[in-house]
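Predicted model, so just to flag it, every value in this text is computed and none were measured. Letters go in sequence order (proteins before strands), and every chain restarts at 1.
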Number of protein chains: 2
Amino acid sequence: MDKNIPLIRKLGAFIALSESELSFLASLHKRRRTFAVGSDLVHQGQPDQAAYVLDSGWACSYKLLENGQRQIVDFQIPGDFLGLRSLLLNVSDHGIEPVTDIKVTKICATDFLNALEHTPRLATAVLWAMSCDEATVVERLVDVGRRNSTERVAHFLLELGARLTLVGLGSTDGYACPLTQYLLADALGLSAVHVNRVLRQLREEGMVTFQNGFVDFDNYDQLVNFAGFEQSYMDKAGQLRY
Amino acid sequence: MDKNIPLIRKLGAFIALSESELSFLASLHKRRRTFAVGSDLVHQGQPDQAAYVLDSGWACSYKLLENGQRQIVDFQIPGDFLGLRSLLLNVSDHGIEPVTDIKVTKICATDFLNALEHTPRLATAVLWAMSCDEATVVERLVDVGRRNSTERVAHFLLELGARLTLVGLGSTDGYACPLTQYLLADALGLSAVHVNRVLRQLREEGMVTFQNGFVDFDNYDQLVNFAGFEQSYMDKAGQLRY
DNA sequence: ATCTGGGGCTGATCTATATCAGCTCAGTAT
DNA sequence: ATACTGAGCTGATATAGATCAGCCCCAGAT
């Protein structure tokens with residue numbers, strides 16, 4: 001079975017998957033689609049009967065306010081679910097758009113609910129994946145609620161690095177990052193102008209450089225210390241325990 | 001079977017529970033405990049093998065920062081799970097403390113994981129409950145990231161009201177609310193001083209009055225409009241669909 | 001009957017961040 | 001070769017909300 005399918009790699013890190021579970025996941029993998037930047041996968045408010053798994057590229061989920069502002073809730077990287085919550089809640093309370101061109105695998109509601117009933121261990125794994133998602137949203141809430149702009153940006157870049165490292169797309173040296181300063185601003189509750197200033201400051205202080213689509217950790221330890229970054233919850237999240 | 005057990009009422013709103021599922025839930029209900037204000041249920045960082053269901057009273061989950069600040073992630077009301085995430089992630093990334101004296105039912109990890117395997121429909125219901133929790137955290141993120149202090153407080157009071165209404169503890173007239181202005185501040189990323197000012201302003205403008213442990217919606221429609229409150233996601237969350 | 005502490009309330013001051021306005025530069029379309 | 005566009009960058013100014021300092025009120029403890 002192909003261990004390089006991102007979803008299998010991800011769920012497999014939590015539970016040992018049986019043959020039938022693996023083959024179910026692999027069968028899902030047939031239904032693939034491509035979305036280009038600018039073409040939303042899911043619109044906020046749309047009654048939604050499908051979720052996706054992100055195979056390649058980056059996406060983001062966001063909420064729009066009446067006044068035209070938006071809050072990006074989370075960025076998704078390969079292996080992540082897209083719109084899982086809207087599948088259970090019946091209506092999408094958020095929109096999802098690609099950050100880069102992406103490839104996804106579609107999961108329709110009935111298949112998914114069937115799978116939960118017939119492969120209960122898979123249900124546990126999905127529950128675990130959802131716990132991880134929720135943990136990163138909580139982390140974003142703490143960023144926005146209690147850290148000043150500099151700590152906030154620093155912490156965000158570190159957390160993203162840790163997530164990417166788990167799927168082999170980053171290290172403590174840095175990572176390729178297709179986000180614009182505008183996206184960063186929408187995620188962190190700052191203005192783009194201010195994000196720019198903060199990035200400059202972090203660069204001048206020799207901690208991180210985010211330029212030309214790359215995040216370089218110039219002084220990882222100093223940055224971790226400055227941002228008050230606790231990665232324990234991410235370490236554990238990747239552990240096999242069941 | 002006693003439909004007044006909060007957890008059964010909650011999960012039962014999502015799926016029709018079978019006899020065996022009901023009896024499993026009822027058997028859980030034997031292991032009850034009481035916690036007084038000031039005695040934390042779960043400490044941040046504690047390796048944790050138990051979650052709880054809140055039977056009566058209010059609690060809150062929070063994260064502490066190094067600098068002594070804290071961000072309250074969510075308040076829990078009767079019927080909510082406490083610490084479900086930390087059960088899956090193995091370590092608690094957050095603390096939980098009672099807001100009032102509370103009664104809880106303990107769920108230990110092994111029981112829970114067993115139940116997921118043997119009553120798969122229950123797993124789906126738990127997944128759904130978790131989706132609801134995540135949706136409220138997302139809503140808090142939007143509050144903190146994109147709404148000014150007045151809209152933020154207004155929106156929060158409305159959302160809390162909607163949640164309480166779902167479990168029969170509130171209406172569009174208002175609800176009993178044991179939160180202090182300090183707790184509100186910690187949840188909304190504001191200072192207690194500012195929360196006080198904002199509450200006064202909302203009261204003087206005739207929209208809500210929060211005093212003496214009661215939230216009174218003086219002009220519900222105006223408040224909904226002012227806060228840009230969308231309750232669609234809550235309506236749907238309570239619908240039977242599976 | 002007084003003290004104490006927690007919660008709520010308020011004005012004065014300070015500061016972090018938004019907003020505005022405009023610049024550079026690279027890539028791309030004309 | 002020229003214009004156009006989007007992203008990044010910067011200084012000047014405005015403002016929302018934090019912080020500080022201190023008040024009142026009430027309930028429970030001494």
Side-chain angles (χ1 to χ4, degrees), chain A residues 36-38 58 65 67-72 97 99-100 143-157 176-205 208-216 226, chain B residues 36-38 58 60 65 67-72 97-101 143-157 176-204 208-216 226:
Chain A
V37 179
W58 292 36
L65 304 206
N67 59 29
Q69 292 190 103
R70 75 167 179 178
Q71 174 69 42
I72 290 180
E97 73 171 39
V99 167
T100 65
D143 276 347
V144 172
R146 293 290 153 186
R147 292 188 227 271
N148 66 32
S149 59
T150 326
E151 292 166 355
R152 200 183 302 181
V153 171
H155 192 273
F156 175 80
L157 292 177
C177 178
L179 304 178
T180 66
Q181 296 184 346
Y182 286 83
L183 287 170
L184 227 51
D186 280 351
L188 296 176
L190 297 171
S191 68
V193 174
H194 201 64
V195 167
N196 181 282
R197 264 190 285 261
V198 166
L199 287 175
R200 173 163 49 107
Q201 185 193 334
L202 287 170
R203 187 179 344 120
E204 285 172 356
E205 289 176 4
V208 232
T209 305
F210 178 18
Q211 271 176 335
N212 309 314
F214 280 87
V215 172
D216 289 302
F226 171 75
Chain B
V37 180
W58 292 34
C60 70
L65 303 205
N67 59 30
Q69 293 190 102
R70 75 168 178 177
Q71 174 70 42
I72 290 181
E97 73 171 39
V99 167
T100 64
D101 292 349
D143 276 348
V144 172
R146 293 290 153 185
R147 292 188 227 271
N148 66 33
S149 58
T150 327
E151 292 166 354
R152 199 182 304 181
V153 171
H155 192 274
F156 175 80
L157 293 177
C177 178
L179 304 179
T180 67
Q181 296 183 345
Y182 286 85
L183 288 169
L184 228 49
D186 279 350
L188 295 175
L190 297 171
S191 67
V193 174
H194 203 64
V195 167
N196 180 281
R197 265 190 285 259
V198 166
L199 287 175
R200 172 162 51 106
Q201 186 192 334
L202 288 170
R203 187 182 341 122
E204 285 171 356
V208 231
T209 305
F210 177 19
Q211 270 176 334
N212 309 316
F214 280 87
V215 172
D216 289 303
F226 171 76

*Between B:A154 and B:L202, what is the shortest heavy-atom contact and its length?*
N-CD1, 4.2 Å
_Can you tell me how far apart CG (A:D143) and CG (A:L188) are? Round to the nearest 0.5 Å._
6.5 Å
*Find the distance A:N196:CG to C:dC23:C1' and express it as a whole number of Å.*
12 Å
*Roughly, in whole Å, what's the span from NE2 in B:H194 to C1' in C:dG11?*
14 Å
*asked:* Whole angstroms only, please: what is the CZ-C1' distance between B:R147 and C:dA18?
replied: 19 Å
*Check: A:R197 side chain, C:dT19 base, donor-acceptor under 3.5 Å*: yes
*Would you say the side-chain atoms of A:R203 pair up with the backbone N or O of A:F210, donor to acceptor, closer than 3.5 Å?*
no
_Interatomic distance, A:N212 CG vs C:dG27 C1' [rounded to whole Å]_ = 14 Å
*asked:* Nearest 0.5 angstrom please: B:E151 CD to A:L65 CG, how far?
replied: 8.0 Å
*Which comes earlier along DNA chain C counting from the 5' end, the contact point of B:R203 or that of A:R152, where each point is its nearest nucleotide?*
B:R203
*Without swapping roles, check the side chain of B:R147 against the backbone of B:H155 for a donor-acceptor pair under 3.5 Å.*
no
*Got a sec? Which of residues 179-192 of chain B come in under 4.0 Å of DNA chain D, heavy atoms?*
B:G189, B:L190, B:S191
*Can any side-chain N or O of B:D101 pair as donor or acceptor with the backbone N or O of B:V37 at less than 3.5 Å?*
yes
*Once you round it to whole Å, what is the distance between C1' of C:dA18 and CD of A:Q69?*
11 Å
*To the nearest 0.5 Å, how far apart are CZ in B:R70 and CZ in A:R146?*
9.0 Å
*Provide the start and end nucleotides, 5' to 3', of the part of DNA chain D that has atoms under 4.0 Å from heavy atoms of chain A.*
D:dG8 to D:dA12
*Whole angstrom is fine here: how far is it from CD in A:Q211 over to P in C:dT24?*
19 Å
*Exercise: identify the closest heavy-atom pair between B:T100 and B:P178*: CG2-CB, 3.5 Å
*Over how many whole Å does the gap from B:R146 atom CZ to C:dT17 atom C1' extend?*
12 Å
Identify all side-chain donor-acceptor contacts of residues 190-197 of chain B below 3.5 Å with residues at least two apart in sequence or on another chain.
from, atom 1, to, atom 2, distance (Å)
B:S191, OG, B:H194, N, 3.2
B:H194, NE2, B:S149, OG, 3.2
B:N196, ND2, B:Q181, OE1, 3.0

